[in-house]
2 protein chains.
Amino acid sequence: MTETTAAPSQRADMVRNRRLLLDAATAAFAECGVDVSMGEIAQRAGLAKGTVFRHFASKEDLLAAIMLQLLDRLTGTADRLVDADDAAAALHEFMTVGVEVLAADRAFCEVIGRPSLQLSQVRSAIERLGETAETLTARAREQGAIRGDVTGMDIVLLLGGIHQTAVPLLAAQPQAWRRYLELTFDGLRATNAPRLPHPPGRRLPAADSD
Amino acid sequence: MTETTAAPSQRADMVRNRRLLLDAATAAFAECGVDVSMGEIAQRAGLAKGTVFRHFASKEDLLAAIMLQLLDRLTGTADRLVDADDAAAALHEFMTVGVEVLAADRAFCEVIGRPSLQLSQVRSAIERLGETAETLTARAREQGAIRGDVTGMDIVLLLGGIHQTAVPLLAAQPQAWRRYLELTFDGLRATNAPRLPHPPGRRLPAADSD
DNA sequence: GCGAAAGATGACCGCCCGGTCATGTTGACC
DNA sequence: GGTCAACATGACCGGGCGGTCATCTTTCGC
């Protein structure tokens, strides 16, 4: 929030450079993953490395900003879908968009898929996304379209899993995730299956060490 | 193959050191992922770094050896299950073991989950695993226990997806993958669901560039 | 036991990374 | 258009990485 045009009285070129930087970083992280170097990002933006560190104190800060922007977009999508008549179709649409976003962004996958999430802002943004997805899921449950023991956080976590399933095929069949999305959705529809084992997660664990 | 006791006429300490190295590398990759340094592995094995490079010409070679050993274990598990009476139970058992192995090995997850697999031996070992899983899957299909449009490679790929789904919870709930294994299996059981979109993969794409 | 060959060692190399800082440049305001 | 603070720059730093190699140590056939 309060990102697009930050604090007042900023020089025009700084605002412009910030845009260049954010765009370049978004593309670089998406294509190359979190291990892309700050030098590469600077080069893509047409800036010097030092300038990048003037806008973001560390690589982690920059990565967090980009990830938050992505997560906010996803949360917005979910928000826009909560009023749909067919809740199951809305849920399906949300999952489609979610996996599409993941499939197009390597860094996003890597950050989401870390065993322990260092970036606390990202962690809570995911939890917020889980809550928004919960309202979507609850409506689909009430309409009897999906099983009763699936939560919003389940849905969010499943996005990463569905995409991951198709990752080994990504280069040859970029749309393969659709196959596994449908397979998973059929699992969600199993309304009279035995109750799922293991309680669902709500909050994500913080980073411990490593 | 022909790994345990390589070529004849090797010095006794070399054989011993090779064991120490393989054990240390297996543990280090499992705990720390592929980014663990060769120095760290050498230290864990109680060897000098140079010795590690005498046994394996590059880090990639060492990683490939460890991954192949893991994949062979999994293929062995699948092989042992093909004769079970209840094919669906056998398939379920195979998937349980597979996800357990993934959950216990960070490097394995990372290698399997790369968009493009550099290590060609690992790639073909996965394809072999897919073929073995196919015999398991075919029997479950014939028994009418699972839907008709799921292949062995689907099963193998799903292992990575199921584990990935639970990764964000791993630190707090190490068994969370069981929840998503059951959910996925319910999807596999949806015998009268509409046919899955997008054709299944059989072979994995080679690395292109990146 | 002894000699020679195979193996083990760790200092060393070049590379690239995230991050810093003295210096040069630019834009906003009067 | 002059002034100055804010901003941009890229050479530079310390550190860790994969990998090498001259040197020392161990094993094994005799």
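For the numbers below, each heavy atom of this structure counts, side chains included, while hydrogens, waters and symmetry mates do not. A quick note: this is a predicted structure, and the numbers were derived from the prediction, not measured.
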What is the distance, rounded to the nearest whole Å, between atom [atom1] of [X] and atom [atom2] of [N]?
X       : N      : atom1 : atom2 : value
A:Asn17 : C:dT26 : CG    : P     : 12 Å
B:Leu21 : C:dG7  : CG    : C1'   : 14 Å
A:Leu20 : D:dC7  : CG    : C1'   : 15 Å
A:His55 : C:dG19 : NE2   : P     : 16 Å

What does the B/S/- profile of nucleotides 25-30 of chain D look like, 5' to 3', with a 4.0 Å heavy-atom cutoff to protein? -BSS--
Output one letter per nucleotide in nucleotides 14-23 of chain D: B when a protein non-hydrogen atom lies under 4.0 Å from the base, S when only the sugar-phosphate is that close, - when neither is. ---SBBB---
Are there over 12 heavy-atom neighbours, none belonging to B:Gln43, within less than 6.0 Å of that residue's CD? no
Considering the options A:Arg147, A:Arg195, A:Arg189, which one meets the salt bridge (Lys or Arg N to Asp or Glu O under 4.0 Å) requirement together with B:Asp186?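 Among the candidates, only A:Arg147 passes.
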Charged N to carboxylate O below 4.0 Å: is that the case for A:Glu182 and A:Arg178? no
Side chain to side chain contact (heavy atoms under 4.5 Å, CB included) partner of A:Val122, the single match among A:Glu127, A:Met67, A:Arg114: A:Met67
Exercise answer: donor-acceptor pairs, residues 151-170 of chain A side-chain atoms, under 3.5 Å, sequence neighbours excluded:
| from | atom 1 | to | atom 2 | distance (Å) |
| --- | --- | --- | --- | --- |
| A:Thr151 | OG1 | A:Met153 | N | 3.4 |
| A:Thr151 | OG1 | A:Asp154 | N | 3.1 |
| A:Thr151 | OG1 | A:Asp154 | OD2 | 3.3 |
| A:Asp154 | OD1 | B:Arg179 | NE | 3.2 |
| A:Asp154 | OD1 | B:Tyr180 | OH | 2.5 |
| A:Asp154 | OD2 | A:Thr151 | N | 3.0 |
| A:Asp154 | OD2 | B:Arg179 | NE | 3.3 |
| A:Asp154 | OD2 | B:Arg179 | NH2 | 2.7 |
| A:Thr165 | OG1 | A:Gly161 | O | 2.8 |

For the student: nearest non-hydrogen atoms of A:Ala104 and A:Ala30, plus distance: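 Closest pair (atom of A:Ala104, atom of A:Ala30, distance): O-CB, 3.6 Å.
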